Protein chains: 2
Amino acid sequence: MDKPLKIPIQVSADRAEPMYHQIEVQLRGLILSGQLAEGTLLPSIREFASDLSCSVITIRRVYQDLENEGILRTRQGTGTFVAQVGEVRRERYRKEAVVEALRAAVRTGLDVQCTPEELRNLFEEALEQLLAEESGAKGEEQT
Amino acid sequence: MDKPLKIPIQVSADRAEPMYHQIEVQLRGLILSGQLAEGTLLPSIREFASDLSCSVITIRRVYQDLENEGILRTRQGTGTFVAQVGEVRRERYRKEAVVEALRAAVRTGLDVQCTPEELRNLFEEALEQLLAEESGAKGEEQT
DNA sequence: TATACTGTTAATATAAATATACACAGTAGA
DNA sequence: TCTACTGTGTATATTTATATTAACAGTATA
């Protein structure tokens with residue numbers, strides 16, 4: 001049995017975003033980007049909860065949510081693993097949340113009578129800006 | 001003093017989306033699209049509440065939220081009006097909600113390691129699909 | 001001024017989201 | 001088997017979001 005590894009996740013109870021959601025987003029990102037390989041044993045809910053200074057139940061919820069999404073597999077008494085999702089299904093899961101968010105945004109735009117052209121421009125702006133922020137943040141990490 | 005007009009808004013207590021939010025989205029749309037002209041007197045909170053079969057407080061919240069956004073102006077004892085926002089400011093208000101939603105969507109995409117190209121494609125897909133749905137719904141209204 | 005409209009405020013009810021503790025049950029290995 | 005680990009289920013606390021009532025205060029006008 002593989003040794004469970006330390007998961008590089010940062011959460012803060014101060015943020016408005018609930019703990020379980022912060023964890024889900026980051027863990028999902030690690031899995032769908034391939035940084036956590038299929039079959040990887042995750043920390044036990046107690047160990048992970050201790051690491052992140054939160055309740056066992058919160059981790060339990062995260063594992064359960066991601067299992068329902070199909071990207072984790074869990075067995076009582078044994079542990080929780082990254083599921084054996086094929087490349088195709090992984091792509092689908094990866095896109096689902098994004099598509100949902102994009103649709104919500106577009107819907108908002110149509111509600112206030114944005115034209116398609118206008119929406120494309122605003123999208124491009126947002127994308128450029130966040131890409132810039134991200135590369136900026138990456139650079140600062142090394143400081 | 002102008003006669004307050006009937007506002008064409010449809011709400012449903014059955015939907016998961018809260019009442020106040022349904023009303024806000026639609027009323028904001030009517031104002032920012034120019035269908036409700038600047039200076040227009042809106043129904044009193046009691047009359048509007050009666051029309052929509054909801055509480056006075058719910059309408060009150062809507063008016064207050066939109067006043068905080070700067071697109072309504074309200075005076076105790078007199079009524080609530082569409083604010084005198086210039087074309088420039090109206091454009092800004094109109095875009096704000098959309099930009100926020102788009103940024104959230106893009107952030108989600110970057111979280112799961114989408115490439116910019118991929119996000120552009122997904123955005124275009126979502127836009128096309130919702131445009132199709134909308135024109136479809138418009139057509140059915142006449143049935 | 002009287003009255004009949006406006007919006008306002010405070011106190012409260014209800015439901016949903018978030019987070020928790022603790023007792024329970026399955027699994028693996030000494 | 002015993003022990004020490006896994007996840008599971010129940011019952012509950014806490015907070016936030018949503019919605020409400022009823023008494024209050026400003027405004028316009030007959």
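By convention in this document, chain letters (A, B, ...) are assigned in the order of the sequence lines, proteins followed by strands, and residues within each chain are numbered from 1. None of these values were measured; they are calculated from a predicted model.
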- [ ] Tell me which residues in residues 57-71 of chain B put a heavy atom below 4.0 Å from DNA chain C, sorted by number, or none.
- [x] B:Ile57, B:Arg60
Open item on the list: Test of understanding: with salt bridge (charged side-chain N to carboxylate O under 4.0 Å, His left out), list the residues that count as partners of B:Glu67, not counting sequence neighbours.
Closed with: none
Task: Euclidean distance, atom CD1 of residue B:Ile45 to atom C1' of C:dT9 [Å, nearest integer] - done: 11 Å
Are any protein N/O atoms closer than 3.5 Å to N/O atoms in nucleotides 23-27 of chain C? If there are, list each pair with its distance.
from, atom 1, to, atom 2, distance (Å)
C:dA25, N3, A:Gln76, NE2, 2.9
C:dG26, O4', A:Gln76, NE2, 3.3
C:dG26, N2, A:Gly77, O, 3.4
C:dT27, O3', A:Thr78, OG1, 3.4

- [ ] Would you please name every residue forming a ring-ring contact (aromatic ring centres under 6.0 Å, His included) with B:Tyr63, sequence neighbours left out?
- [x] none
Task: Whole angstrom value for the distance that separates P of D:dT20 from CG of B:Leu52 - done: 11 Å
- [ ] Check whether any side-chain N or O of A:Thr74 sits under 4.0 Å from OP1 or OP2 of D:dG7, and answer yes or no.
- [x] no
Task: Closest non-hydrogen atom pair, B:Val11 against B:Gln22 - done: CA-OE1, 3.4 Å
Task: Of all pairs that satisfy salt bridge (charged side-chain N to carboxylate O under 4.0 Å, His left out), the ones with a partner from residues 69-78 of chain A, not counting sequence neighbours - done: A:Arg28-A:Glu69
TODO: List in chain and number order the residues that pass side-chain hydrogen bond (donor to acceptor under 3.5 Å, both in side chains) with A:Glu96, two or more places apart in sequence or in another chain; answer none if no residue qualifies.
DONE: none
- [ ] For residues A:Gly79 and A:Leu41, report the shortest heavy-atom separation together with the two atoms involved.
- [x] CA-CD1, 4.3 Å
Open item on the list: Tell me which pairs pass salt bridge (charged side-chain N to carboxylate O under 4.0 Å, His left out) where either residue lies in residues 110-124 of chain B, with sequence neighbours left out.
Closed with: A:Arg94-B:Glu118, A:Arg120-B:Glu124, A:Glu124-B:Arg120, A:Glu128-B:Arg120, B:Glu117-B:Arg120
- [ ] Quick one: list whatever passes side-chain hydrogen bond (donor to acceptor under 3.5 Å, both in side chains) with B:Gln129, sequence neighbours left out.
- [x] A:Arg103
Task: Set of ring-ring contact (aromatic ring centres under 6.0 Å, His included) partners for B:Phe48, sequence neighbours left out - done: none
- [ ] Taking salt bridge (charged side-chain N to carboxylate O under 4.0 Å, His left out) as the test, write out the residues that go with A:Glu17, two or more places apart.
- [x] A:Arg15
Open item on the list: Let's see if you get this right: which residues in residues 12-26 of chain B place a heavy atom under 4.0 Å from DNA chain D?
Closed with: B:Pro18, B:Met19, B:Tyr20
Mind listing the side-chain donor-acceptor pairs of residues 29-38 of chain A below 3.5 Å, one per line with the distance, residues two or more places apart or on another chain?
from, atom 1, to, atom 2, distance (Å)
A:Ser33, OG, A:Gly29, O, 2.7
A:Ser33, OG, A:Leu30, O, 3.3
A:Ser33, OG, A:Gln35, NE2, 3.0
A:Glu38, OE2, A:Val85, N, 3.4

- [ ] Determine the contact category for B:Ser55: base if any of its heavy atoms lies under 4.0 Å from a base atom, sugar-phosphate if only primed atoms, P, OP1 or OP2 are that close, otherwise nothing.
- [x] base
Task: Rounded interatomic separation in angstrom, taking CG from B:Leu41 and P from D:dA28 - done: 12 Å
